[in-house]
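Position 1 is the first residue of the sequence, and the numbers go up from there.
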Amino acid sequence: MAQFSRTWWGKQFIEALEAFSDPARLGRGRSYARNGKILKSSIDQNRITATVKGSINPYFGVYKEPRYDTTIEITPISSSDWSKAIQHLSSKASFVSKLLMNEVPDNIEDVFSELGLHLLPQSEKDFKTTCSCPDWSNPCKHIAGVYYLVASQLDDDPFLLFQLRGLSKDVLKAELSQSPLGKILSQELTTQEVSVQPSTSFYTTVETEGVPEKMSAREFWLGTHRLPQVVEEPSSVSLPAILIKKQGDFPAFWKKEHSFIQVMEEFYERVKTKNKNLI
C-alpha cells in the first residue's frame, strides 16, 4: 500500500475502503494498479471512469485480453452542508492557513464529524460502482484497482477529495479567502516581492530638517501635536517559513516518501541546535 499512498489522506482513503471491502479483492486490485492494468481514467466532479485491462482465461473461453469499463461515483455532500463545513473551517486559523497552502490538516475529519458529516468514505453507501466485467462481487478487482489509482492521485492533489465530495478546489479556496482569517493570509501569500534597487552608497543618506529659530521649552518637550491616546495593533499576521509551507508537504519537485516540510523543520532545528551558542 505504501507504493500507492505517501500522505495520510491517501492512506486513510485506502484504510476506509479496507474497513468494508474484501481484503482479497483489494489485494488483486492493488496488483492491477501496480502492473499498469488501468489503461486510462478520468475524473469529472464526483464521477470516476476508467478502462481496465482484463485477464486471459482459457478455462472460461477468454483468449484475448478483454477491456472493462469501470465507473465509480462518490456521494457528494450537499451545498447546505458544505456551507456549514466551510464556516466552521474558516473560524480556525490552522485550517485556513494549511488549506490555502495546499495542505490538508490531519484532523480535518474532526470538523466534519462535529457536523454529523464525513469527508473520507465510511461505508458502501458512499459509493455507487459499476463494471462491465462478469464478476458479480462489488468491488471487483477492476474497481478495486481504480480505488488504488485514486489514492495515488490524492497524494499529488489532496483537494481531489473535496472535488469527489462535490466542492472544487477553486470554490473552496475562494470561500476561505473571503473569511477574516483568509483575507489576512491571502495578503501574505500574494505579497509582491520588492525589486532590488542599486545604491550608490552603503550608508544611509542624512536628511536635514529646519528647526525654528525660537522655541519654548514647552514646545521642545511636548511638541505641537499630541500623541494618540490609543495605539492600534497592526492587523497583518506573519507566518513563519511561509515560502517552505506554501507548496504543502509534497511539492512538485519533491519525490521522497516523507514530508518536505518535516524534513526542512528537522534541518532548521539541527542548524539552530548546532549554532545555539552563536544566537
Quiz item: Side chain of Arg47, backbone of Ile72: donor and acceptor closer than 3.5 Å?
Solution: no
Quiz item: NZ of Lys84: more than 12 outside heavy atoms within 6.0 angstrom?
Solution: no
Quiz item: Do we see a donor-acceptor contact under 3.5 Å between the side chains of Asp126 and His118?
Solution: yes
Quiz item: Do Val263 and Lys256 touch side chain to side chain, with heavy atoms closer than 4.5 Å?
Solution: no
Exercise. Provide the closest heavy-atom pair for Leu100 versus Ser177 in the form atom of the first, atom of the second, distance.
Key: CD2-OG, 3.7 Å
Quiz item: Do Ile74 and Arg165 have side chains that get closer than 4.5 Å, going by heavy atoms?
Solution: yes
Self-check item: Interatomic distance, Ser259 atom OG to Glu265 atom CD [nearest 0.5 angstrom]
Solution: 7.5 Å
Quiz item: So with a 6.0 Å cut-off around CZ of Phe253, is the heavy-atom count from everything else above 12?
Solution: yes
Quiz prompt | Flag if over 12 foreign heavy atoms under 6.0 Å of CD, Gln45 | solution = no
Self-check item: 4.5 Å side-chain heavy-atom contact, Pro139 and Thr129
Solution: no
Practice problem: Decide ring-ring contact (aromatic ring centres under 6.0 Å, His included) for Tyr148 and Tyr32; before the verdict, give the C-alpha distance in whole Å, the side-chain angles of both, and the deciding distance to 0.1 Å. | Solution: CA-CA 9 Å; Tyr148 279 96; Tyr32 263 55; over 10 Å; no
Quiz item: Got a sec, which pairs hit ring pair (Phe, Tyr, Trp, His ring centres under 6.0 Å) with one end in residues 89-117, sequence neighbours left out?
Solution: Trp82-Phe112
Quiz item: Does Lys169 offer a backbone N or O that forms a donor-acceptor pair with the side chain of Gln163 under 3.5 Å?
Solution: no
Practice problem: Return the set of residues passing side chain to side chain donor-acceptor pair (under 3.5 Å) with Ser78 (not counting sequence neighbours), or none when no residue passes. | Solution: Ser80, Asp81
Practice problem: Test side chain to side chain contact (heavy atoms under 4.5 Å, CB included) on Phe162 and Leu99 and set out the steps. | Solution: CA-CA 11 Å; Phe162 291 84; Leu99 289 171; 4.1 Å; yes
Practice problem: Evaluate the side-chain proximity of Tyr268 to Met264: yes if any heavy-atom separation is below 4.5 Å, no if none is. | Solution: yes
Practice problem: For Asn46, enumerate each residue passing the side chain to side chain donor-acceptor pair (under 3.5 Å) test, keeping only those at least two apart in sequence or located in another chain. | Solution: none
Practice problem: Indicate yes or no: at least one non-hydrogen side-chain atom of Thr51 is less than 4.5 angstrom from one of Tyr68. | Solution: no
